[in-house]
Amino acid sequence: MKATRKIILGVICATAGALWLMAWFLATPTFLDAENSPHGVYRLEFYKASSFQRLLNPDFKMPFVLRLYRAEPKKLLGESSVVDLWLDGEVTWLLDPPMKMQKVRVGSSVVFRDIPPECTDVSQIPSCPRGP
């Protein structure tokens with residue numbers, strides 16, 4: 001009788017593990033691509049929406065989730081909800097002069113606000129313009 005209980009318990013554990021893995025797969029966005037800011041301080045990552053997110057947004061042709069990170073040290077600065085980037089995925093970095101608006105815009109759907117500029121007085125980035 002003990003051997004039968006062990007087999008049943010093993011089957012239950014394996015089934016529970018498989019169900020957990022399937023739920024994780026259905027709920028997790030998949031990394032697709034990334035784009036660095038002009039001076040490499042920030043990184044914008046594009047994730048294909050998970051299967052579950054696609055079910056919740058059936059009208060979206062290209063459902064994505066976007067995440068904005070500071071490159072070094074790696075720190076998440078913002079994450080979008082699920083957005084449709086169909087014909088609307090142009091990235092605009094509005095961080096440094098002359099556009100110094102402290103925003104990163106992706107199409108008309110996503111705006112990350114209050115992002116510090118890449119070029120500051122103390123930055124050691126060679127590609128940043130220097131003052132007089």
Side-chain angles (χ1 to χ4, degrees):
M1 194 74 170
K2 274 189 166 185
T4 307
R5 282 188 174 175
K6 286 182 181 181
I7 292 172
I8 291 172
L9 184 60
V11 169
I12 290 172
C13 288
T15 303
L19 288 174
W20 182 86
L21 188 62
M22 186 171 42
W24 175 80
F25 175 75
L26 291 174
T28 305
T30 306
F31 177 79
L32 182 69
D33 196 15
E35 182 175 320
N36 290 328
S37 62
H39 301 291
V41 175
Y42 300 106
R43 178 180 172 92
L44 183 64
E45 295 184 350
F46 295 81
Y47 291 83
K48 289 174 68 175
S50 69
S51 299
F52 182 67
Q53 291 168 326
R54 285 192 294 259
L55 284 173
L56 294 176
N57 300 286
D59 296 336
F60 289 3
K61 291 185 178 183
M62 289 180 59
F64 278 86
V65 175
L66 306 173
R67 294 179 183 157
L68 180 66
Y69 291 93
R70 181 166 184 84
E72 288 296 326
K74 188 170 183 177
K75 178 183 176 189
L76 180 64
L77 300 176
E79 181 173 354
S80 74
S81 58
V82 179
V83 295
D84 191 7
L85 294 184
W86 176 255
L87 301 176
D88 191 28
E90 181 180 350
V91 179
T92 309
W93 301 90
L94 304 168
L95 300 174
D96 294 312
M99 299 301 291
K100 196 174 181 179
M101 297 171 67
Q102 296 184 320
K103 294 179 187 177
V104 177
R105 181 181 298 275
V106 183
S108 61
S109 304
V110 180
V111 177
F112 294 103
R113 301 180 192 286
D114 300 323
I115 307 300
E118 293 184 283
C119 297
T120 61
D121 293 338
V122 295
S123 69
Q124 300 296 317
I125 303 171
S127 58
C128 284
R130 299 286 179 221

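Positions are given from 1 along the sequence.
A heavy-atom distance below 4.5 Å is not found between the side chains of Y47 and S80. When side chains are defined from C-beta on, V91 counts as touching L44, because their heavy atoms get closer than 4.5 Å. Taking 4.5 Å as the limit, some side-chain heavy atom of R70 sits within range of a side-chain heavy atom of Y42. Looking at heavy atoms from C-beta onward, E118 lies in side-chain contact with P38 at the 4.5 angstrom threshold. In this structure the side chain of H39 never reaches within 4.5 angstrom of the side chain of L95, judged on heavy atoms.
Rounded to the nearest 0.5 angstrom, C13 SG and K6 NZ are separated by 13.0 Å. In this structure, CG in L26 is found 11.0 Å from CD in Q53, a value given to the nearest 0.5 Å. Here the CZ atom belonging to F64 is positioned 10.0 Å from the OG1 atom belonging to T30, to the nearest 0.5 angstrom. Taking CZ of F112 as the start and CD of E79 as the end, the distance is 8.0 Å to the nearest 0.5 Å. To the nearest 0.5 angstrom, R113 atom CZ is 7.0 Å from R105 atom CZ. In this structure, D33 CG and K48 NZ are separated by 12.0 Å, a value rounded to the nearest 0.5 Å.
No side-chain donor-acceptor contact under 3.5 Å links D88 to the backbone of G107. The main-chain N or O of R43 is never found under 3.5 Å from a side-chain atom of N36 such that the two would form a donor-acceptor pair.
Both F46 and V83 are assigned to one and the same hydrophobic cluster, defined by single-linkage of ILVMFWY side chains at heavy-atom distances under 4.5 Å. I115 and Y69 are not part of a single hydrophobic cluster, where members link through side-chain heavy atoms under 4.5 Å apart. Side-chain heavy atoms closer than 4.5 Å link hydrophobic residues (I, L, V, M, F, W, Y) into clusters, and following such links, even through other members, never connects L9 to V11. Connection of L19 to F25 is established within a shared hydrophobic cluster, with ILVMFWY side chains joined at heavy-atom distances below 4.5 Å, either directly or through further cluster members. Note on F60: it clusters hydrophobically with V65, by side-chain heavy-atom contacts below 4.5 Å among ILVMFWY residues.
A pairwise comparison of heavy atoms in R54 and P63 identifies CG-CG, 3.5 Å as the closest pair. Contact record, P117 with Q102: CD-NE2, 3.6 Å, taken as the closest heavy-atom pair. Contact record, A27 with S50: C-CB, 3.5 Å, taken as the closest heavy-atom pair. In plain terms, the two heavy atoms of G40 and A71 that are nearest each other are O-CB, 3.6 Å.
Considering V104, V106, L76 as possible partners of L68, the one that fulfils the side chain to side chain contact (heavy atoms under 4.5 Å, CB included) test is V104.
Applying the 6.0 Å contact sphere to CZ of F31 captures more than 12 heavy atoms from other residues, nucleotides or ligands.
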